[in-house]
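Here is the structure we will look at.
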4 protein chains.
Amino acid sequence: MARIRTAPRKSPTQQRSRATVDAIVDATARVLVRDGYDALSTNRVAKEAGVSVGSLYQYFPGKEALVAAVMEQHASRMQENIAERMKNAPPAATPEDVATEMIRAMLAAQQAEPRLHRVLVEQVPRIGALRRLHELFGNYELLVEAWLLENSERIEVQDARMAAFVLVAAVEGLVNRATLDRPDLVASGRLEEQILRLVLAYVVPSHVAQASADGRYGGRKRKGPAGG
Amino acid sequence: MARIRTAPRKSPTQQRSRATVDAIVDATARVLVRDGYDALSTNRVAKEAGVSVGSLYQYFPGKEALVAAVMEQHASRMQENIAERMKNAPPAATPEDVATEMIRAMLAAQQAEPRLHRVLVEQVPRIGALRRLHELFGNYELLVEAWLLENSERIEVQDARMAAFVLVAAVEGLVNRATLDRPDLVASGRLEEQILRLVLAYVVPSHVAQASADGRYGGRKRKGPAGG
Amino acid sequence: MARIRTAPRKSPTQQRSRATVDAIVDATARVLVRDGYDALSTNRVAKEAGVSVGSLYQYFPGKEALVAAVMEQHASRMQENIAERMKNAPPAATPEDVATEMIRAMLAAQQAEPRLHRVLVEQVPRIGALRRLHELFGNYELLVEAWLLENSERIEVQDARMAAFVLVAAVEGLVNRATLDRPDLVASGRLEEQILRLVLAYVVPSHVAQASADGRYGGRKRKGPAGG
Amino acid sequence: MARIRTAPRKSPTQQRSRATVDAIVDATARVLVRDGYDALSTNRVAKEAGVSVGSLYQYFPGKEALVAAVMEQHASRMQENIAERMKNAPPAATPEDVATEMIRAMLAAQQAEPRLHRVLVEQVPRIGALRRLHELFGNYELLVEAWLLENSERIEVQDARMAAFVLVAAVEGLVNRATLDRPDLVASGRLEEQILRLVLAYVVPSHVAQASADGRYGGRKRKGPAGG
DNA sequence: CATGAATGAGCATTCATTCAT
DNA sequence: TATGAATGAATGCTCATTCAT
C-alpha cells in the first residue's frame, strides 16, 4: 500500500483552466456512478469530459487524484448543506431539538447525491480518500462535543470528547450500513427516530427512560414509571 | 460491474493439492495485508505462495475468488472464536451479562487478526465476497434479536428486528472506527464499557439511567434523579 | 511454420490400449465438431474421452496428432465407402456410367459424416493434415487416369495424367465449395449432374455436344447442331 | 466459435498513425507468410512492425482483424490487377477470347503474391476474414454470369447463375491445387490451356468438340468426328 | 496550454507438457 | 500403465503515462 499522491498538480488560475478542471471532476463523478471505481480510468474520464488525456494529466497526477477531487467536492457540499441547515434552523429549545436537527442534517446531506455517495462509501475506501469524509465527521465530533459541554448540566456523561467519538462513530456506521442495506429505514424516517433514541439514550438515559415509557422513540409503552 | 464468479473451481482431493490450496489462501491474506486489495493480482499471489499461476487457476477462477476464500476463512474463524467463547462463558445471570459477553466476543474476534480484518472491511469492494461477512453480521443480528426477545419483559423496544439491526450496525461501525483511530480505547477497555452503555441505554434506558447515576458505564455521579 | 509431428507415438498392442486410443480419437472428432479446431485442446479431449492427459500423451504427441488421426480415420472410411460402392456397382456399359458412379461415390463419401467433413476441410488445412486427404485424391487421379486410358478410343485427350489431375482438382474444389456454400445443390442432385457434364465435356466434348443438344446435363435443348 | 470482431477500431487521421497502421498490416502479411496463421499473435506482429502492442490495439481489436486487413488489401490488389488487365485488353472478338482473358487475369492475380495468397487460402479459418475473398469470387461469378448471358445464343447452358458458380468454383480449386502441387503446369501455360478447354467444353461443348478434333486445347487429333 | 499517438509494464488466463505417485 | 497435480511459457489485452506536434 504505497502512499499515493492525491493532491492536484497545480491550481488552475485562468478561467479556461477552471472550466477544464470542473469538466474533469464532473466527468469523474459521472463515470464513478455509471461504471464504478474499478472501471474508471484516466483515458475514459478524459473522453467523458471531452478533454484530452494530456490536459487531464496537467491537473491531476492520476486516477486517485481524480477520485479524491470528487470526494472533496462531495464532502464540501455536504458540509455546506449542513451548515446552511443549522443556520436556518429555528432556535432549539432543548438538547433533544439540537440532536434532532444535527441528525436530520447529516441524513439529508447524504441523500443529496445518493448514488454518488453510495459509490464513494462503498468503493473508494481502498484509497485514502475517505480521510476527507472522516475529517468531516471529525468536525462533527467537535460539534457534538460542544453540544455536550453546552448542555453539561443535563448530560450524564463524564468524558465529552470520548462520548462525541462514540456517538459520531456509531451514527456514521449506522447511517452507512442503512444507506447500503436498508434504504427503506432511511426513507421511512424510522432510522432518524432510532438514531435519536440511540444518541439521547446514551447521553441522557434518564430522559429516554421517561420518553420511552411514553412511547416516543419507538419504545414500548409501559405502565409503571421507569427507572427506580 | 458484471457478476463475478467467486466460487472455487474444484475441490482438491489429494493431499498434495490440499496443501497447494492452503498455501494460496494464506498467500492471498498476506498480500492483502501487505499490498492492499488493488495491488493484489493472481500472478503476485502465485509467486507469494511459491506456486505456479497455472496451479492457482486450477482452483480459483480469479482474484475475486481468492479474496472470497480468505474472507470465508476469516469469517469462519471469527465465528468459531465467538462460539467457543460463548460456550465457555459462565452462565449469565442478567441480560447485562449476556450483552457484555457478546460485545467482548465481537471485539475479541476482530482483534484476532486486526490487520487482515481491517483490509477486508475497508478495501474489499462490495462484491459477493463480502456476502460472507454480511452473513456473519446477519447471524449477529439474529443472536441479538433472540436476546432481545428472550428478555422482552425488561426490554423497552418494540421492533426487535429493527433494534437488532441498529445495534449491530452501530457497534460494528464503532468497533471498526475505534480499531483504526483509537486503539487506545480498545486496549484500555473503555471502548467495551462505552459500547455496553450505548447498547443497554438503547434497549433499557431506565436501567442505564439508574446505573449511570451510580457512576457505572462512565456516567457522571449525580445526586438527585436525572431528567426533568 | 515448423514441421509438426503428427505421427502417433506408439501403436497400442494390447486390447485395453486399443480401446483407449479409440476413445481418444472419437473424443477428438466430437470436440472438433462441437467446438471447432481452435477450441480443441489435449486436456479437453482427454476429459471428453474419460481418460487422463497422461494417457493421451502416451499415444499422441500433441494436438496435431489427434487431428491427424481423426483425418486418417475419416479418409480411410471414405476410401472404404468408395471401394465398397464401386465393387457393388452394376457392370458399367459406357464411360459415362463409370464417371457417374465415381462421382456419386465421391459425393456420397463426403456426405457420410458431413459435419466432421466440413470441419476438417474448413479448419484443418492449417496443419499438414490435409495431406492425407490429398493422398486420397491422389488415388483418385490414378483411378481416373486408368479410366481415361481404358477408354482411350473414345476419349479426346492427349495427356491422360494431366487430364486426371485437372479433373480431380476441379471436382475436388467444386465439391468442397458446394459443400460449404451451396448445400442445396448437393442435396438436390444438381451438383452431381453438373459435375458429370463438366467431366464428360472435358474428356468427350463431342459426346456432350450431342447430349446437351438433347437436353441432358442441364444443357439447353436446341434445334440444329451446335458450333460451326 | 463465437462471432469475432474483424472491423478496425478507428481510422487513423493523422499522418503518423497512417504509417503505423501500414506498418502493422505489412508486418502481419510478413508474419503470416513466414510463420503461418496459428503462430501469428498480436505481440509478434507488433514486434515485427516495430510498434508497441498498445498501438496495435489502438487500431485493431485482435488477431482476426489483422488478418482481415491483410485479406482486404490482398483482395483489393487482386481486383485492381484484374480490372486493369481487362481494361487494357484488346477488344475481344469471340467469347473464347473473353474467357481466355478472364482466366489469364485470374491466374495472373494469384501469381502476384503467391506465398501470401497460399497462406490466406489455405490457413485462414473460415471466419469473417474470408468474406472479402468470397466477395471477390462472388464478383467473378457475376462477371462470368454476365458473360454467359451476353453470349447466350451460342451458349448451351440453361441456368447461367449455377453455371457461373460451377465454373468459378472448379477453376478456383484447380488453380489453387496447381499453384501448390503443379507449378510447372502454371509456368508452361498448359494449365491455362486446360482451364480454357474445361470452361469452354462446359459451356459450348459442340465448339470444343470441333476444336478438339482440330487439336486445339490439348485434344487429340482425330480423323472422323468424335462421339457416337 | 491542448492534443492524442505511442509506449510498455503488467495483469488475467490458457494449455501443452511433464512426472511423481 | 494410468493418473492428474503442477508447471510456466506464451497470449491477449488494458491503461497510466509521456511527449512530439
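Order of the sequence lines fixes the chain letters, A, B, ..., with proteins taken first and strands second; residue numbering starts at 1 for each chain.
- In this structure, E:dG10 forms a base pair with F:dC13, meeting either the Watson-Crick or the G-U wobble geometry with both donor-acceptor distances under 3.5 Å.
- Note: CG (D:D35) to C1' (F:dA10) measures 14 Å, nearest angstrom.
- Summary of the strand contacts: A:S52 and D:G50 both lie near DNA chain E, and taking for each the nucleotide with the nearest heavy atom, the more 5' one is attributed to A:S52.
- Which of E:dA6, E:dG4, F:dT7 sits closest to the side chain of D:S55 comes down to E:dA6.
- Nucleotide E:dA16 holds its P atom 12 Å from the CG atom of D:D38, rounded to whole Å.
- Checked by atom type, the side-chain pair D:T42/D:Y57 shows a donor-acceptor distance below 3.5 Å.
- What separates CD of B:E64 from C1' of E:dC11 is a distance of 13 Å, to the nearest Å.
- Atom-to-atom distance recorded for B:D35:CG and B:E48:CD is 8.0 Å, nearest 0.5 angstrom.
- In plain terms, the two heavy atoms of D:E64 and D:Y37 that are nearest each other are OE1-OH, 2.9 Å.
- F:dC15 atom P lies 15 Å from atom CG of A:L56, rounded to whole Å.
- Here F:dC13 presents its P atom at 18 Å from OH of D:Y59, a figure rounded to the nearest Å.
- Closest contact between the side chain of C:T20 and the listed nucleotides E:dT3, F:dA5, F:dA2 involves F:dA2.
- Position along DNA chain F of the nearest nucleotide to A:L40 versus B:V53 favours B:V53 as the more 5'-ward residue.
- Among the nucleotides E:dC11, F:dA16, F:dT7, the one closest to any side-chain atom of B:Q58 is F:dT7.
- Across all strands shown, E:dA20 forms a Watson-Crick or G-U wobble pair with F:dT3, both key distances being under 3.5 Å.
- Nearest to the side chain of B:T42, among E:dT13, F:dG12, F:dA16, sits E:dT13.
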Pair D:L66, D:L56 - check side chain to side chain contact (heavy atoms under 4.5 Å, CB included), show working. CA-CA 9 Å; D:L66 290 171; D:L56 187 153; 4.2 Å; yes
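- Regarding B:K47, its NZ atom lies at a distance of 15 Å from the C1' atom of E:dA12, rounded to whole Å.
- Taking every side-chain heavy atom of B:Y57 into account, E:dT13 is the closest of E:dA6, F:dC13, E:dT13.
- Between D:A39 and A:N43, the residue whose closest nucleotide on DNA chain F is further toward the 5' end is D:A39.
- The separation between C:F60 atom CZ and E:dC15 atom P is 20 Å, rounded to whole Å.
- Regarding contacts with the backbone of E:dA12, a side-chain N or O of B:S41 is found under 4.0 angstrom from either OP1 or OP2.
- C:R30 has no carboxylate O lying under 4.0 Å from a charged side-chain N of C:D26, or vice versa, which leaves the two without a salt bridge.
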